[in-house]
Amino acid sequence: MDIPWLEIAGLTAAALSAAAAAGSWKSARTSNATAVTVARIEQDRWHADLLPKFQISIERAEGDRATLSVRLIGPLPLCHLDEIRIVIVSSDDMSRIAHLAGSPLPGGP
């Protein structure tokens, strides 16, 4: 009885190749998941880095008038913009009558 060494070697090589392919596939999936996570972190960092920072001051003039000054102070990549639009709306749900803290509001429960 002769031992078929060539067949055994071929089957062993095929089994090792299949194991290596499975390991490579698992490694590629892990690498892909890591790349997606890093890309998300970088996108969040870019978004945070490009968030505009304003210096806002209100100077009282006469009566019920005031001057609102808005200055863009950063970040530097936003300084090339031609315009930034800011909309100021009056809030109709606010009362202009001063109330002491803890006192009932008109129209409240």
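Residue numbers count from 1 along this sequence. In this text, all values refer to a predicted model and were calculated from it rather than measured experimentally. Only this structure's heavy atoms are used, side chains among them; waters, hydrogens and symmetry mates stay out.
- Taking a 6.0 Å sphere around CG of L6, one finds it holds 12 or fewer heavy atoms contributed by other residues, nucleotides or ligands.
- Without hydrogens or angle criteria, T37 side chain to A33 main chain gives a donor-acceptor distance under 3.5 Å.
- Pairs passing the salt bridge (charged side-chain N to carboxylate O under 4.0 Å, His left out) check and including a residue from residues 72-88, sequence neighbours excluded, read E83-R85.
- In this structure S69 satisfies the side-chain contact (heavy atoms from CB on, under 4.5 Å) test together with S57, E59, T67, sequence neighbours excluded.
- When the side chains of ILVMFWY residues are joined at heavy-atom separations under 4.5 Å, either directly or via intervening members, I58 and V70 end up in a single hydrophobic cluster.
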Per-pair distances, 0.1 Å, donor-acceptor, side chain in residues 15-22, under 3.5 Å, sequence neighbours excluded:
from: S17; atom 1: OG; to: A13; atom 2: O; distance (Å): 2.9

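- Counting non-hydrogen atoms of other residues, nucleotides and ligands closer than 6.0 Å to CD of E42 gives a total above 12.
- Side-chain contacts under 4.5 Å among hydrophobic residues (ILVMFWY), followed directly or transitively, place I41 with no other residue at all.
- With contacts defined as side-chain heavy-atom distances shorter than 4.5 Å, the pair I73/F54 does not qualify.
- L50 and P75 get closest at one heavy-atom pair: CA-CG, 3.9 Å.
- The list of salt bridge (charged side-chain N to carboxylate O under 4.0 Å, His left out) pairs with a residue in residues 12-33, not counting sequence neighbours, is empty.
- Note on residues 47-56: pairs passing salt bridge (charged side-chain N to carboxylate O under 4.0 Å, His left out), not counting sequence neighbours, are R45-D49.
- For the atom pair CH2 of W46 and CG of L51, the computed distance is 13.5 Å after rounding to the nearest 0.5 Å.
- In summary, of the residues considered (T34, V38, N32), a side chain to side chain contact (heavy atoms under 4.5 Å, CB included) with V36 occurs for N32 alone.
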